[in-house]
Amino acid sequence: MEYTFIGALNTDWSGHGEYQKGIDPALQNCPFCASDDLTVSNSWTPYYSVECECCGASVPGDFTPPEGMTGAIADKDECLRIHEAAFLSAIECWNTRLDEEPAL
């Protein structure tokens with residue numbers, strides 16, 4: 001994962017993450033089309049999702065922001081910790097598979 005951070009006068013931080021295949025936690029292939037052409041993305045917020053570039057399947061992470069977090073994050077180290085937790089949440093959600101077929 002490579003993070004880019006921006007901040008106004010080092011007081012309000014925002015981050016954007018880019019997934020780097022082979023460096024970050026391994027993503028399982030798409031459960032629908034078996035493609036490994038996957039993207040983990042966000043929009044400068046600590047909410048990440050994984051999307052299959054082949055069939056368009058996507059799964060958001062289930063990140064819950066720390067209590068009291070509203071708006072921009074004031075500390076760069078805290079921003080990094082929050083983004084890492086959100087990124088790993090998206091990976092975990094994507095890699096979760098059903099163990100058996102649902103009953104009809």
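As a basis for the values below, the full set of heavy atoms in this structure was taken, side chains included, without hydrogen atoms, waters or symmetry mates.
To the nearest 0.5 angstrom, Ile91 atom CD1 is 9.0 Å from Leu38 atom CG. Taking OG1 of Thr39 as the start and CG of Leu27 as the end, the distance is 9.5 Å to the nearest 0.5 Å. Between atom CD of residue Glu53 and atom OG of residue Ser58 there is a gap of 10.5 Å, rounded to the nearest 0.5 Å. Considering CZ of Phe63 and SG of Cys93, their distance stands at 12.5 Å, rounded to 0.5 Å. Summarising the geometry, atom CG belonging to Asp37 is positioned 10.0 Å from atom CD belonging to Glu51; distances are rounded to the nearest 0.5 Å. In this structure, CG in Asp77 is found 6.0 Å from CZ in Arg81, a value given to the nearest 0.5 Å.
The environment of Glu92 atom CD is sparse: at most 12 non-hydrogen atoms of other residues, nucleotides or ligands sit within 6.0 angstrom.
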Cys55 vs Ser35, side-chain contact (heavy atoms from CB on, under 4.5 Å): CA-CA, chis, key distance, verdict
CA-CA 8 Å; Cys55 73; Ser35 174; over 6 Å; no
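Between Ala34 and Asn29 the shortest heavy-atom distance is O-ND2, 3.2 Å.
No side-chain donor-acceptor contact under 3.5 Å links Ser49 to the backbone of Pro60.
Side-chain N/O atoms of Asn42 and Tyr48 include a donor and acceptor closer than 3.5 Å.
Cys52 is listed as a side-chain neighbour of Trp94, based on a closest heavy-atom distance under 4.5 Å.
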